[in-house]
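Below is one structure, written out as C-alpha cells, with a few remarks after it.
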Amino acid sequence: MRGQARAPLAAAALAATAGASSLADLCTVSNVQNALPANGTLLGIELIPSTVTANTVSNASVSSMFTTSSDTTYNYCNVTVSYTHTGKGDKVVLNYAFPDPSQYANRFYVLGGSGYSLATDPTEGLPYGAVGGVTDAGYDAFSKSYDEVFLYGNGSINWDATYMFAYQALGELTIVGKPLTQAFYASSNKIYTYFEGCSDGGREAMSQAQRWGTEYDGIIAGAPAFRYGQQQVNHVFSSEVEHTLDYFPPPCELEKIVNLTIAACDPMDGRTDGVVSRTDLCQLNFNLSSTIGEPYYCTAQSSTSLGFGFSKRQDSSMSSSYEPAQNGTVSAEAVAVAQTIYDGLHNSQGERAYLSFQITASLGDAATEYDNTTGSWELDIPSTGGEFVTKYVELLDLDNLSNLDNVTYDTLVDWMNTAMVRYMDSLQTTLPDLTPFQSSGGKLLHYHGESDPSIPSASSVHYWQSVRSIMYNGTSANSSLDALQDWYQLYLIPGAAHCGTNSLQPGPYPEVNMNIMIDWVENDVMPTRLNATVSSGTYEGETQMLCQWPSRPLWHSNSSSFDCVFDQGSYDTWTYTFPAFKIPVY
Ligand SMILES: *[C@@H]1O[C@H](CO)[C@@H](O)[C@H](O)[C@H]1NC(C)=O
Ligand SMILES: *[C@@H]1O[C@H](CO)[C@@H](O)[C@H](O)[C@H]1NC(C)=O
Ligand SMILES: *[C@@H]1O[C@H](CO)[C@@H](O)[C@H](O)[C@H]1NC(C)=O
Ligand SMILES: *[C@@H]1O[C@H](CO)[C@@H](O)[C@H](O)[C@H]1NC(C)=O
Ligand SMILES: *[C@@H]1O[C@H](CO)[C@@H](O)[C@H](O)[C@H]1NC(C)=O
Ligand SMILES: *[C@@H]1O[C@H](CO)[C@@H](O)[C@H](O)[C@H]1NC(C)=O
Ligand SMILES: *[C@@H]1O[C@H](CO)[C@@H](O)[C@H](O)[C@H]1NC(C)=O
Ligand SMILES: *[C@@H]1O[C@H](CO)[C@@H](O)[C@H](O)[C@H]1NC(C)=O
Ligand SMILES: *[C@@H]1O[C@H](CO)[C@@H](O)[C@H](O)[C@H]1NC(C)=O
Ligand SMILES: *[C@@H]1O[C@H](CO)[C@@H](O)[C@H](O)[C@H]1NC(C)=O
Ligand SMILES: *[C@@H]1O[C@H](CO)[C@@H](O)[C@H](O)[C@H]1NC(C)=O
Ligand SMILES: *[C@@H]1O[C@H](CO)[C@@H](O)[C@H](O)[C@H]1NC(C)=O
C-alpha cells in the first residue's frame with residue numbers, strides 16, 4: 001500500500017452508502033433518536049432522546065485556520081443531543097454536523113479550540129467528508145469560556161468544568177459521535193477518527209492522544225499549550241525579568257534587538273532569505289551584546305497589546321494603547337533583559353525551572369506600557385499569565401495580577417510547582433506514555449513554529465524527548481528513533497510564530513496537514529518530511545519539505561534546496577532538565 005497515490009477524499013463514500021437515502025431522509029429527529037447509543041452501552045453516559053434536534057442546512061460555507069476551501073459549500077444535517085453522567089443529574093449538549101450521504105467518507109473529525117475556549121462550530125470536518133462535533137462541556141462552553149466558570153467563588157474550584165475542559169468533554173464527544181455516526185448512516189464501516197488543533201487546541205489534541213488514545217486514528221497537534229502549570233506562569237516571566245533588572249525597555253528597543261538577531265543569524269542556515277531556520281546555530285554563535293549601541297526608531301502609534309487570543313474575556317477587554325515615537329540606541333540594559341528572557345527561568349540557587357522562547361522569537365510578553373503622564377515605559381503584565389496566577393494559582397476571582405511587588409524568580413517557581421501539582425491529572429497534559437494510542441495504530445503529527453513568542457518551541461521538543469525516553473527506555477538511540485517516527489513525528493516550522501506565520505520572518509507554513517494525515521492513516525503513506533508553503537516575501541509560493549525532528553535543515557549555499565542534518569551540539573541546545581522541581585517534568 002505504501003506509496004500509493006492518494007484517493008480522492010470522498011471516494012470511500014460511494015461504496016459505503018451506495019443506494020442509501022438522501023440527506024433529507026436521514027436528517028430527522030426520529031432517525032437520530034433511533035441512532036443514539038443505548039443507555040448502558042457507553043459506561044457512565046446516558047443520552048436523552050427527547051433532547052434531539054435535527055435540521056438540514058444547505059449551501060453552508062466552511063473556513064477556518066485549518067480548512068482552506070472557501071468556494072465550496074456543503075449540505076449537512078445539524079444535530080443536537082444532550083446526555084447526562086449516570087447518577088449525576090448534569091447535562092452536556094453535543095452538536096454534530098453530518099455531511100450529505102453522497103459525501104460522507106467514513107470519517108469523524110474533532111477540532112480543538114484556543115485559549116480557554118473549546119471549538120463551537122461542528123462543520124469543520126465537512127471538507128473531508130467527515131462528521132464533526134462540538135460540545136458545551138456541561139458548562140455552556142458554546143457561549144462561555146472556561147476561565148469564566150473555573151471558580152465558584154474565591155478558593156472554590158469547579159473541578160467538573162476543569163476535567164471536562166481538560167480532556168473529558170472532547171473524549172465523550174468522540175465516543176458518542178462514532179456509534180451515532182454509524183447508526184445515522186446505517187453503515188458498519190470503520191470510522192477514521194481525527195483530531196486537529198493548535199495552541200490550546202494543540203493541548204486538547206495531546207489530551208486526546210494521552211487519555212482517549214484508542215479512539216483516534218490521527219491526531220494533529222500544533223504548538224500545544226501543555227505543561228500547563230509551567231507554561232501559563234511563564235507568561236509572567238518576561239515581566240518579572242524587567243521587574244528584577246529594573247529596566248522597562250521601550251517595545252521598539254526590544255524589536256530592534258530581535259530584528260538585528262534575525263539579520264545576523266539568517267545566513268547561518270545556508271540561505272539568506274530573512275528566515276532563521278536554525279535558531280540553535282544562532283544561539284550557539286550569536287552574542288546579543290553585539291546589538292548594543294545600534295540605533296532604533298519607531299513612529300508613534302496606537303497599538304493593541306499582545307493577548308495571543310488567550311481568553312474570550314481578555315480579547316474583549318483588550319484595549320489599544322498609545323505609543324509615542326521611540327528613538328534611541330540599544331542599551332546594555334535592554335540586552336540584559338532579552339538575554340535573561342531567552343535564558344529561561346532559574347531559581348535563586350541557579351537551578352533551571354523552565355525553558356524559554358528561542359533566540360529570534362519576538363519578545364511579546366515583555367511589552368511595556370507607556371505612561372502618558374510620567375512619560376515613561378512601565379510594567380505591563382500579560383493577562384495570559386496574570387489571570388492564570390490570580391485565578392488558577394491564588395484561587396482569587398480576579399482577571400489579572402496588578403503588580404509584581406515582592407515577587408521574585410523563586411515566587412514564579414513556586415507558582416509553577418503549585419499549578420503543576422494541582423492540575424497534574426487535568427490541565428498539565430504531559431503524560432508521556434502514549435502506548436494505548438500507539439498500539440491501536442494511532443498516528444501523531446506534532447508541529448511548532450520555531451520562533452513562537454507565546455509557547456516556546458522547546459516545550460514541544462521536551463515532550464517529544466519525554467515520550468521517547470519513557471516509551472523506548474532501554475532501546476538504542478537509533479532504534480528508538482525509528483520506532484517513534486513510525487507513529488509520532490515532530491516538525492519545527494522555520495521562522496514561524498504562534499500557530500501562524502511571522503511578520504518578522506517570511507518563512508514556510510504547513511497548509512495541508514489533514515491531507516497528509518488522511519494519507520498516512522487511510523493509505524499507509526507515512527510522511528518523512530512536512531509539506532509547507534512560503535506565503536510572503538522573496539520566496540512566496542515556494543514549497544519546502546520540512547525536516548523531521550531531530551534532523552535540522554541546512555541549505556546548500558543560497559540555492560533552493562536543503563539537507564536535513566543532525567549534529568549533537570545543536571541538539572543539545574534543545575535539551576533541558578528542570579532541577580528546580582523535585583519531581584520529573586515531562
Ligand atoms: C437514558 O437515560 C437518561 C437519563 O437517565 C434518560 O433521560 C433517557 O430517557 C434514557 N434513554 C432511553 C432511551 O431510555
Ligand atoms: C443552494 O445552491 C444551489 C445552487 O446554487 C441552489 O440551486 C439552491 O437553491 C440553494 N439552496 C438553498 C436552500 O439556498
Ligand atoms: C443547529 O441546531 C441548533 C439546535 O436546534 C440550533 O440552535 C442552531 O442554530 C442550528 N444551526 C444551524 C446552522 O442550523
Ligand atoms: C523590524 O523589522 C520589521 C519587518 O522587517 C519592520 O517592520 C520593523 O519596523 C522593524 N523594527 C524595528 C524596530 O526596526
Ligand atoms: C557576549 O559578549 C559580552 C561582551 O563582549 C561578554 O561579556 C559575554 O560573555 C558574551 N556572552 C557569551 C555567551 O559569550
Ligand atoms: C533620532 O535621534 C537622533 C539623535 O538625536 C537624530 O539624529 C535623528 O534624526 C532622530 N531620528 C528621528 C527619525 O527622529
Ligand atoms: C496622552 O495621550 C493622548 C493620546 O491618547 C494625547 O492626545 C495626549 O496629548 C497625551 N498627553 C501627554 C501629556 O502626552
Ligand atoms: C475575592 O478575593 C478578592 C481578592 O482578595 C477580593 O477583592 C474579592 O472581593 C473577593 N470576592 C468575594 C466575592 O469575596
Ligand atoms: C486588574 O484587576 C483589578 C481587579 O479585578 C481591576 O480593578 C483592574 O482594573 C484590572 N487592571 C487591568 C489593567 O485590567
Ligand atoms: C511586601 O513585603 C513587605 C515586607 O515584608 C510588606 O510590608 C509589604 O506589605 C509587601 N507588599 C505586598 C504587596 O505584599
Ligand atoms: C531510562 O530510565 C532511566 C531511569 O529512569 C533513566 O535514567 C534513563 O535516562 C532512561 N533512558 C533513556 C534512554 O531515556
Ligand atoms: C505539497 O502540497 C501541495 C498542496 O497539496 C501539492 O500541490 C504538492 O504537490 C505537495 N508537494 C509535495 C512535494 O508533496
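Ligands are counted one by one from 1 in listed order, and the atoms in each one are counted from 1 as well.
Counting protein heavy atoms only, atom 14 (O) of ligand 2 is closest to N59 ND2, 3.3 Å. Protein heavy atom nearest atom 7 (O) of ligand 8, with residue, atom name and distance: L398 CD2, 4.4 Å. In this structure, atom 13 (C) of ligand 8 lies nearest to the protein heavy atom N154 ND2, 4.7 Å.
Taking the centre of each ring, Y488 and F437 stay at or above the 6.0 Å mark.
For the 3.5 Å distance criterion, the side chains of E196 and Y194 fail to qualify, holding no donor opposite an acceptor.
In this structure, N95 contributes its side chain and V79 its backbone to a donor-acceptor pair below 3.5 Å. Remark: the backbone N or O of L398 is paired with a side-chain donor or acceptor of T390 at under 3.5 angstrom. The main-chain N or O of L404 is found under 3.5 Å from a side-chain atom of H243 such that the two form a donor-acceptor pair. Formation of a donor-acceptor pair under 3.5 Å by the Q358 side chain with backbone atoms of S457 is not found in this model.
Listed by number with element, the atoms of ligand 8 under 4.0 Å from a non-hydrogen atom of L396 are 2 (O). Within the listing of ligand 12, atoms 1 (C), 2 (O), 3 (C), 8 (C), 10 (C), 11 (N), 12 (C), 14 (O) sit less than 4.0 angstrom from a heavy atom of N531. Close approach of ligand 12 to M545 is summarised as follows: ligand atoms under 4.0 Å from at least one heavy atom of the residue are 12 (C), 13 (C).
Counting protein heavy atoms under 4.0 angstrom from atom 11 (N) of ligand 2 gives one or more. Proximity of atom 1 (C) of ligand 2 to the protein is indicated by at least one non-hydrogen atom lying closer than 4.0 angstrom.
Annotation: S58 places no N or O atom under 3.5 Å from an N or O atom of ligand 2; distance criterion only.
What you find for A130 and Y109 is that their closest heavy atoms are CB-CB, 3.7 Å.
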